[in-house]
Amino acid sequence: MESLGKHLLELRLKRGISYDTIWQDLRFSENQIKALEANKFFEIGEYGIVKAMIYNYARYLEADVSAVMAEFRIMMPEHTKK
């Protein structure tokens, strides 16, 4: 996976899912989605919040959740919790 955010963005665009639809389904704001898709995880919040959002967003986009979470652990290691 070249970039986690880019991968999520491409999946969303491929499925034609709008920010409004994501808000209705997941209650993730447009700004949160844009931050996820730009790999700006620290702008979203604490480690646990970001991890849960990535997991749920990946499931929502029907991504390979294991691959997405493995990439997430590389980009935002668990020790960043503190």
Side-chain angles (χ1 to χ4, degrees):
M1 187 177 306
E2 181 181 325
S3 163
L4 177 55
K6 183 177 179 183
H7 178 66
L8 296 172
L9 172 63
E10 289 173 353
L11 286 173
R12 180 177 63 78
L13 294 175
K14 180 179 175 183
R15 287 168 175 70
I17 301 171
S18 71
Y19 296 120
D20 288 334
T21 301
I22 295 167
W23 172 252
Q24 292 171 12
D25 294 341
L26 298 177
R27 293 297 190 222
F28 293 175
S29 71
E30 181 175 339
N31 288 338
Q32 289 172 317
I33 296 301
K34 286 180 177 180
L36 290 176
E37 294 175 347
N39 297 319
K40 295 181 179 180
F41 306 133
F42 293 102
E43 291 181 11
I44 296 171
E46 295 182 22
Y47 177 85
I49 292 168
V50 177
K51 182 178 179 182
M53 287 185 74
I54 289 285
Y55 178 82
N56 287 312
Y57 193 43
R59 285 186 60 211
Y60 179 76
L61 295 175
E62 300 176 358
D64 179 344
V65 176
S66 296
V68 167
M69 296 312 293
E71 186 67 22
F72 172 74
R73 284 189 294 277
I74 292 168
M75 296 181 71
M76 192 173 187
E78 192 169 344
H79 70 273
T80 59
K81 283 183 183 180
K82 299 173 181 160

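This structure is a prediction, so every number in the text was calculated from the model and none was measured. Throughout, residue positions are numbered sequentially from 1 according to the sequence presented.
Atom CG of Leu4 and atom CE of Met76 lie 11.5 Å apart (nearest 0.5 Å). The structure places CD of Glu46 at 13.0 Å from CD1 of Ile44, a figure rounded to the nearest 0.5 Å. Within the model, atoms CD1 of Ile22 and CD of Gln24 stand 10.5 Å from one another, a figure rounded to the nearest 0.5 Å. A distance of 10.0 Å separates CD in Glu71 from CD1 in Ile54, rounded to the nearest 0.5 Å. Atom NE2 of His7 and atom CG of Leu61 lie 8.5 Å apart (nearest 0.5 Å).
Side-chain atoms of Gln32 come within 3.5 Å of backbone N or O of Ser29 as a donor-acceptor pair. Side chain of Arg59 to main chain of Tyr55: no donor-acceptor pair is present (N/O by atom type, distance under 3.5 Å, no hydrogens or angles).
For the side chain to side chain contact (heavy atoms under 4.5 Å, CB included) test, residues two or more places apart in sequence or in another chain that qualify with Ser18 are Asp20, Thr21.
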Dump the intermediate steps for salt bridge (charged side-chain N to carboxylate O under 4.0 Å, His left out) on Glu37 and Arg12, then the final yes or no. CA-CA 10 Å; Glu37 294 175 347; Arg12 180 177 63 78; 2.8 Å; yes
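Contact check for Trp23 versus Ile33: no side-chain heavy atoms found under the 4.5 Å cut-off. Proximity of Leu36 to Leu9: side-chain heavy atoms (C-beta onward) are nowhere separated by under 4.5 Å. Side chains of Leu11 and Glu62 form no contact here, defined as non-hydrogen atoms less than 4.5 Å apart.
For the pair Val68 and Ala63, the tightest heavy-atom approach, listed with the atom from each and the gap, is CG2-CB, 3.9 Å. Closest non-hydrogen pair, Ser3 versus Asn39, comes out as OG-ND2, 2.9 Å.
Hydrophobic clustering, defined by side-chain heavy atoms of Ile, Leu, Val, Met, Phe, Trp and Tyr closer than 4.5 Å, leaves Ile74 isolated from every other such residue.
Within the structure, ring pair (Phe, Tyr, Trp, His ring centres under 6.0 Å) pairs that include any residue of residues 56-78 comprise Phe41-Phe72, Tyr47-Phe72 (at least two apart or interchain).
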